[in-house]
Amino acid sequence: MTTLHISEQEQVRRQSLEEIRKLGIDPYPAAMYPVNISATKILTDFRDGEDNFPDVCLAGRIMSRRIMGNASFAELMDSSGRIQIYVRRDDLCPGEDKTLYNTLFKKLLDIGDIIGIRGFAFRTQMGEITIHVKELTLLSKSLRPLPVVKEKDGVLYDAVTDPEMRYRQRYVDLIINPEVRELFRKRTQIMRSMRELFDSNGYLEVETPILQAIPGGAAARPFITHHNALDIPLYLRIADELYLKKLIVGGYDGVYEFSKDFRNEGMDRTHNPEFTVMEIYVAYKDYNWMMSFTEQILEKVATDLHGTTRVALGDHIIDYKPPYRRISMTDAIKEYAGIDITEMSEDDLRKECDAAGIGHSPSMGKGKLIDLIFGEKCEHHFVQPTFIIDYPQETSPLTKKHRHKAGLTERFELIVNGKELANAYSELNDPIDQLERFQEQMRLSEKGDDEAMFIDMDFVRALEYGMPPTSGMGIGMDRLTMFMTNQPSIQDVLFFPQMRPEGQKNT
RNA sequence: CGGUCUGUAGCUCAGCUGGUAGAGCAGCUGACUCUUAAUCAGCGGGUCCAGGGUUCGAGUCCCUGCAGACCGACCA
């Protein structure tokens, strides 16, 4: 027997497949099927007492069957939703030969099969809008049993909630959990809203290299790969920033990119090794303008998605209606950590960290220590959208020095629900200053900071030709999607989150 | 990396202080031409995650491993 890898139910389906072929029916026909309407369209537009939808043709997956002898009900699910169908033997098979109903429909079809139907809409005695089937076509035979989720009065029975199954076999998750399909529509809608805004401002959507010889633009550990023909190591990008600014040098007023970035670091509820970022750079602007623009983006995204700026997130309602609070990092630390860092030396900051029980290492400079205190003591207090502005120079090597405040840079991060959502600056465009900042990063690297930035001499060369004053901003799209759709983990907003490879168990 | 929990039929889950497995759904056979968690009668289905150990005997106890979830650490 072939029971080794194939369950009883799978064997039955394979037998059915053969019998379908013996009946002269192709279980995987090539011809297109002339669908002319969706399930949801019928359900919303059906009017009682009118002869509407007298001839509809739709296709989808059989999700349940209720066979009663010579007439049956089933549920058909297309991409829009589910609709009940009514299959009566003598209507499906008007002649003597009842094979199509008795054998094909009742015996050889299963939950999960994809069929096409032609018929008319009516309302049953129980009050449900239903398609009375006159013609039925098998479009694709399913060989694996689908988890059957039942529902009554809004209560789900046997719902599949096992995250491993849902992430590894996302296709099954999408089939049986319609809200998951809806969630990913929202993800796409969020990106569409942003594109609309950027395009209406005349900014250009561009693509820049994923394989980079120097992984620049951020502080992170990269993935490394190798190019055979060139025989050189290449890195998967950790950010788009330097390439996009080179395009501003090239003369575009505004460029943006939705990009996959890759960081070879930990994985958890909020981090996936590959993730999506939107970065935008606009010439002749500064970070003050970018704050207003960021407000505009989020207001539009929330409104397009929910019809309001108020969005539920966990126990909170986040209101994306501008303006958002703006507070300097120094003031934030003063207010929430009770520490005045303005006159402090590196040693003073270390003592404050010790006093507050914050772990730190000798390789950390002043800026990193300040960042640490903020992250530990302040960040989580900012639930409603808040701009934290004016970061230490040391941790912002691509940012213009603050026009008034010594030692600080014109940078902001947008904090929502205690987490960073966006990061932006007035871009450093002084090539000599930029080179010095890169060299400072080198010194940090030698001190043991393994995520200090590499020097990108081509970027310095580009700046030497002259880059207009520019402001740039990046938004973590996965995190934004989590915030806008009230999802607690990044795996839920990625179709295929990174998982450990499966063993040999399921093939 | 550390702590807690989990892994049993296609799916959701029971299985007590050790005695070689059970329910619902799904499947199969039959009945039923407006059902809707359809119903009724009957039937089959298991590498109890893997490997080792204790024991006369392990789904159950012990060890190791694998996979997952949650919490922490690290990490933006």
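Throughout, protein chains are lettered first and strands after them, A, B, ... in sequence-line order, and every chain is numbered starting at 1.
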Next item on the list: Please list all pairs passing the salt bridge (charged side-chain N to carboxylate O under 4.0 Å, His left out) test where one or both residues lie in residues 118-136 of chain A, with sequence neighbours left out.
Entry: A/D48-A/R123, A/D55-A/R118
Please state the [atom1] separation for the pair [N] and [M] - nearest whole angstrom.
N	M	atom1	result
B/U20	B/C5	C1'	27 Å
B/C48	B/G59	P	8 Å
B/U17	B/A9	C1'	28 Å
B/G46	B/G65	C1'	23 Å
B/C11	B/U47	P	12 Å
B/U8	B/C49	P	6 Å
B/A69	B/C63	C1'	23 Å
B/C28	B/G51	P	32 Å

Once you apply a heavy-atom cut-off of 4.0 Å, does [X] come out as touching a base, just sugar-phosphate, or nothing?
X	value
A/D153	nothing
A/I176	nothing
A/R263	sugar-phosphate

Find every protein N or O atom lying less than 3.5 Å from an N or O atom of nucleotides 34-36 of chain B, and list the pairs.
from: B/C34; atom 1: O2'; to: A/Q125; atom 2: OE1; distance (Å): 2.4
from: B/C34; atom 1: O2'; to: A/Q125; atom 2: NE2; distance (Å): 3.4
from: B/C34; atom 1: O2; to: A/Q125; atom 2: N; distance (Å): 2.6
from: B/U35; atom 1: O2; to: A/R66; atom 2: NE; distance (Å): 2.7
from: B/U35; atom 1: O2; to: A/R66; atom 2: NH2; distance (Å): 3.4
from: B/U35; atom 1: O2; to: A/Q84; atom 2: OE1; distance (Å): 3.3
from: B/U35; atom 1: N3; to: A/Q84; atom 2: OE1; distance (Å): 2.9
from: B/U35; atom 1: N3; to: A/Q84; atom 2: NE2; distance (Å): 3.0
from: B/U35; atom 1: O4; to: A/Q84; atom 2: NE2; distance (Å): 2.6
from: B/U35; atom 1: O4; to: A/T124; atom 2: OG1; distance (Å): 2.8
from: B/U36; atom 1: O4'; to: A/R66; atom 2: NE; distance (Å): 3.3
from: B/U36; atom 1: O2; to: A/Q84; atom 2: OE1; distance (Å): 3.4
from: B/U36; atom 1: O2; to: A/E128; atom 2: OE1; distance (Å): 2.9
from: B/U36; atom 1: N3; to: A/E128; atom 2: OE1; distance (Å): 2.7

Item checked: Side-chain ion pair, A/R221 and A/E265, N-O less than 4.0 Å -> no
Notebook entry, point to check: Is there a donor-acceptor contact under 3.5 Å linking the side chains of A/Y167 and A/D492?
Noted result: yes
Notebook entry, point to check: Do A/T208 and A/R237 meet the criterion of a side-chain donor-acceptor pair at a distance under 3.5 Å?
Noted result: yes
So, using ring-ring contact (aromatic ring centres under 6.0 Å, His included) as the criterion, who are the partners of [X] when residues are at least two apart?
X	value
A/F53	none
A/Y157	none
A/Y425	none

Next item on the list: Using only side-chain N and O atoms of A/K106, determine if any of them is under 4.0 Å from OP1 or OP2 of B/U29.
Entry: no
Checklist line | Any A/K150 side-chain N or O less than 4.0 Å from OP1/OP2 of B/A38 | finding: yes
Check: With both distances under 3.5 Å as the test, what is the Watson-Crick or G-U wobble partner of B/U4?
Finding: B/A69
Note to self: What is the separation between atom CZ on A/R13 and atom P on B/C28, rounded to the nearest whole Å?
What the structure shows: 8 Å
Check: Whole-Å distance between B/A67 C1' and A/Q498 CD?
Finding: 15 Å
Give every pair of a protein N or O atom and an N or O atom of nucleotides 69-74 of chain B that lie under 3.5 Å apart, one pair per line with the distance.
from: B/C71; atom 1: OP2; to: A/R269; atom 2: NH1; distance (Å): 2.9

Using salt bridge (charged side-chain N to carboxylate O under 4.0 Å, His left out) as the criterion, list what pairs up with [X], not counting sequence neighbours.
X	answer
A/R350	A/E346
A/R443	none
A/R325	A/E335

Item checked: Inter-residue atom distance A/I115.CD1 - A/L138.CG, 0.5 Å rounding -> 8.5 Å
Margin query: For the CD1 atom of A/I297 and the CG atom of A/L414, what is their distance to the nearest 0.5 Å?
Written below: 10.0 Å
Margin query: Using the side-chain heavy atoms of A/E265, tell me which of these nucleotides is nearest: B/C75, B/G27, B/U33.
Written below: B/C75
Can you tabulate the close N/O pairs, meaning under 3.5 Å, that link protein atoms to atoms of nucleotides 6-15 of chain B?
from: B/G10; atom 1: N9; to: A/Q9; atom 2: NE2; distance (Å): 3.4
from: B/G10; atom 1: N7; to: A/Q9; atom 2: NE2; distance (Å): 3.2

Margin query: Under 4.0 Å, heavy atom to any atom of RNA chain B: which of residues 380-397 of chain A qualify?
Written below: none
Next item on the list: Could you tell me whether a side-chain N or O of A/E18 sits under 3.5 Å from a main-chain N or O of A/Q15, the two making a donor and an acceptor?
Entry: no
Note to self: Going by side-chain hydrogen bond (donor to acceptor under 3.5 Å, both in side chains), name the pairs with one or both residues in residues 474-486 of chain A, residues two or more places apart or in two chains.
What the structure shows: A/R187-A/D478
Item checked: A/R170 NZ/CZ over A/F495 ring centroid, <6.0 Å and within 45° of normal -> no
